Every structure is written in structure tokens, then in C-alpha cells.
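For reference, the structure is listed below as C-alpha cells.
Counting starts at 1 for both ligands and their atoms, in listed order. Quick caveat, the model's predicted, so the values are computed rather than measured.
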Amino acid sequence: MRIGVFCSGGDAPGMNACVRAVVRSALGVGHEVVGILRGYHGLLAEEFFINARGEPLMSLRSVSNLSKLGGTILHSSRSDEFRTESGRKRSAAILKKHKIDALIPIGGDGTFNGAVALARHWDGQIIGCPGTIDNDLMGTDYTIGFATAVETAVEAVDKLRDTADSHERMFLVEVMGRHSGYIALFTALAAGAEVVCIPETQTDIREIIDHLKELKKRGKSSIMIVVAEGDELGGADILNRDLLEAGCPFPTRVVTLGHLQRGGSPAPADRILASRLGDFAVRSLLAGHTGMMAGQLHGKLTLTPFPEIYSTHKPLPEGYLKLLETMAS
Ligand code: F6P
């Protein structure tokens, strides 16, 4: 079997470890792997990873020492042409031309949505791996990249706390998560933030101000608020403005972590998850499965049909918000 592997959408730490797992697992049992560069965009441009022998195939050596590398050696992108029907038809023709029998896309909801659309024109098998820092996909407890992104954000909040303490200030730290509060909630809990603002809950300015005044009365001199970029009121800048207008009792500063959270050497948890899922994706293809994402639920490897992955908003784990409230009060 000839398997095409690619990364699509926002990069995530651990994507490389997943590519390595796909290559090692497939080659180990006598199959071939084509590395498609730049996601769906690169597929349409017929851009492939070229190995040391000059062939458009990935070798065992082409993924040496890859687990510890952030980003993705296959590059990633978002493709406008692939969003069109003609783009998807052309992609299917290109896959046939290069005799690719199966695909392992590594990405998020947009990537798998694209895989479903492609499958209407192509009869090859597709098994996806969840690669996104947002952890916003059903069918897996954690996505590849989430653990590292949280680690990076926690390190930043810890450092900012030092300055907040020294100057008796409040920091609003904006983290990524377009539609999801996972990174914000986990960061807030791990870093001991006083407040978290996320799209899953109503952000109430009055309530936050009352809470801040109460904390100040009790002698608290530094405050950390973690804001998900997707909060329904807007990002940290807007929230800062609203809080100041409503009488915030602390001087404030805003820090947006942005793409910093997507880089860096993957945490061990991401490397292990990526290795398990990459290997499982290959084994699932060989067992004849298609149209599904490989995931890990309660420690067990699972397959979930693509539409189920992105059609429901992934709920936050039970009790985490309440725990944060208890810790911060
Ligand atoms: O989906 C991953 C993500 O990092 C989101 O958290 C963020 O909103 C988005 O990608 C940013 O995308 P881009 O790299 O295109 O700016």
C-alpha cells in the first residue's frame, strides 16, 4: 500500500512525532509512505518530500530524531482552492496519478471536513490524526500539541506573576483557542490564575469586578486573568477596556501569547500520544478502515467517524471550572 501523509491547518508540537510514527509503522511492515508537503495546497501543487536518494518517498532515515522537533518538516497551510469542488476533484485525480491508496491527514476540524469532501471524489482510504493545540475535537481526550501549548502558556503566566506581584498589578493573558476554552482553563488551573474567561461560559464584567474587589479587600495584590481568544466578549484587550471602565481595582497590563504557543519542542505527553496515534492510524488503514479519526479516549485507542469529530462542541471536563473557582476564592 502507498500511504500519503500530510499536515494541514495550524501547526502543533508533536506533528513531527506523528509523521515519524506513520513512516516507521508503515515501512516496518513493507508499505510505502509519500510525504505530501503543505497540506491540501501542496497536494494540488504535487509537492512531495524527497528522500536522500532523490525519490518522492519517505525513508526510515528521513524521520530520524524527529520526535523532539517542533513544527512540521512537511510544512502546513490552509488552501483556498481545495475548498472548491473543482479543487477537490483535481486532488483526487492527483492522488490516482501518484498511485496513492490511502491518506493520513494530521490536523483539526477543517482538515477532516476537507477529508470528507475529498472522499466524495476519491475511493482511497483516509484515517486522520488529531493535530491541533486547541484540543477542540471530539473522539479523543487530548489532541497532539495541546499539552505542549499549555506548558508554554503556564510558563508565561508563571513569569508574568512575578511582575504582577512586584508591581501589585493585574495581568490579562490571552491564549489561543478560536472556539474553545481548553487551553485557557488548563493554563488557569495549572498557573493558579484568579479568573478565566472562555467561550463556554458567560463572561460577566460586573461579577468579575465584584470578585476582584473582594480579593483586594482580603489583601491580594496580584491578579492573573487568563482569556481565551474566542471568549464571546472578545479578546484580552476588549476585556481590559471593559473592566477598567467598570472600575477595576488594580492597574492592568495585557499580554497576548499568540503563536508562541504553537512552537517549541513537544512535551513527552504529546510525543507519546503522536507516536501511538500515528502507528494506530497505519494499522487501522491496513485493517481496512476509512473515514475516521484515530484518537485516545480514557487511555484506549479508538476510531471515530469524521463528522462526529467536528459537529459537536467538545465539552470541558467536568469539575474543572468549579475547582478553579474554589482555588481562586
Ligand atoms: O487552530 C489552531 C490555532 O492556533 C487557533 O488557536 C488560532 O485561532 C488559529 O490557529 C490561528 O491561525 P493562524 O496561524 O492562521 O493565524
Side-chain angles (χ1 to χ4, degrees), residues 6-18 37-42 70-83 105-115 128-157 172-188 190 196-200 203 226-239 254-267 270 273-274 277 293 295 306 309-314 316:
F6 65 91
C7 299
S8 171
D11 67 338
M15 278 181 160
N16 274 329
C18 192
L37 302 178
R38 300 177 188 86
Y40 292 115
H41 176 82
T72 160
I73 59 160
L74 295 181
H75 305 287
S76 191
S77 72
R78 307 187 201 268
S79 165
D80 287 335
E81 189 189 346
F82 186 78
R83 290 201 184 99
I106 308 168
D109 52 355
T111 306
F112 302 142
N113 215 313
C129 287
T132 164
I133 63 164
D134 289 357
N135 199 31
D136 57 350
L137 303 176
M138 297 293 285
T140 191
D141 288 331
Y142 298 108
T143 54
I144 298 163
F146 172 69
T148 310
V150 170
E151 197 173 286
T152 302
V154 169
E155 202 184 315
V157 175
L172 293 102
V173 186
E174 183 178 301
V175 298
M176 277 188 165
R178 213 181 334 212
H179 310 292
S180 169
Y182 258 91
I183 298 177
L185 181 58
F186 276 58
T187 301
V196 69
C197 299
I198 51 178
E200 289 82 357
T203 301
V226 180
V227 185
E229 64 173 336
D231 185 67
E232 78 284 358
L233 283 192
D237 277 318
I238 294 172
L239 210 68
V254 175
V255 174
T256 300
L257 297 185
H259 291 81
L260 195 78
Q261 294 155 94
R262 293 233 298 255
S265 180
D270 278 328
L273 180 66
L277 295 183
M293 187 193 82
F306 284 135
I309 298 299
Y310 50 76
S311 50
T312 321
H313 186 91
K314 180 172 179 161
L316 296 170

- Look at ligand 1 and say whether Gln261 reaches it with a heavy atom at a distance under 4.0 Å. no
- Message: If the threshold is 4.0 Å, N to carboxylate O, is there a salt bridge linking Lys314 and Asp136?
- Response: no
- Query: Which heavy atom of the protein is the closest neighbour of atom 3 (C) of ligand 1, given with residue, atom name and distance?
  - Reply: Arg262 NH1, 3.5 Å
- Note on the structure: In terms of its nearest heavy atom to atom 5 (C) of ligand 1, the top option of Ile183, Val175, Asp134 is Asp134
- Query: Looking only at heavy atoms, what is the nearest atom pair of Leu257 and Ala156, with distance?
  - Reply: CD2-CB, 3.7 Å
- Who passes side-chain hydrogen bond (donor to acceptor under 3.5 Å, both in side chains) against Ser8, sequence neighbours left out? Thr111
- Can you tell me the protein heavy atom closest to atom 16 (O) of ligand 1 and the distance? His259 NE2, 3.1 Å
- For atom 12 (O) of ligand 1, which candidate among Met176, Glu229, Arg78, Arg178 holds the nearest heavy atom? Arg78
- Tyr182/Tyr142 aromatic ring centres below 6.0 Å: no
- Query: Under 4.0 angstrom from ligand 1, any heavy atom of Gly177?
  - Reply: yes
- Message: Rounded to the nearest 0.5 Å, what separates atom CZ in Phe112 from atom CD1 in Ile106?
- Response: 9.0 Å
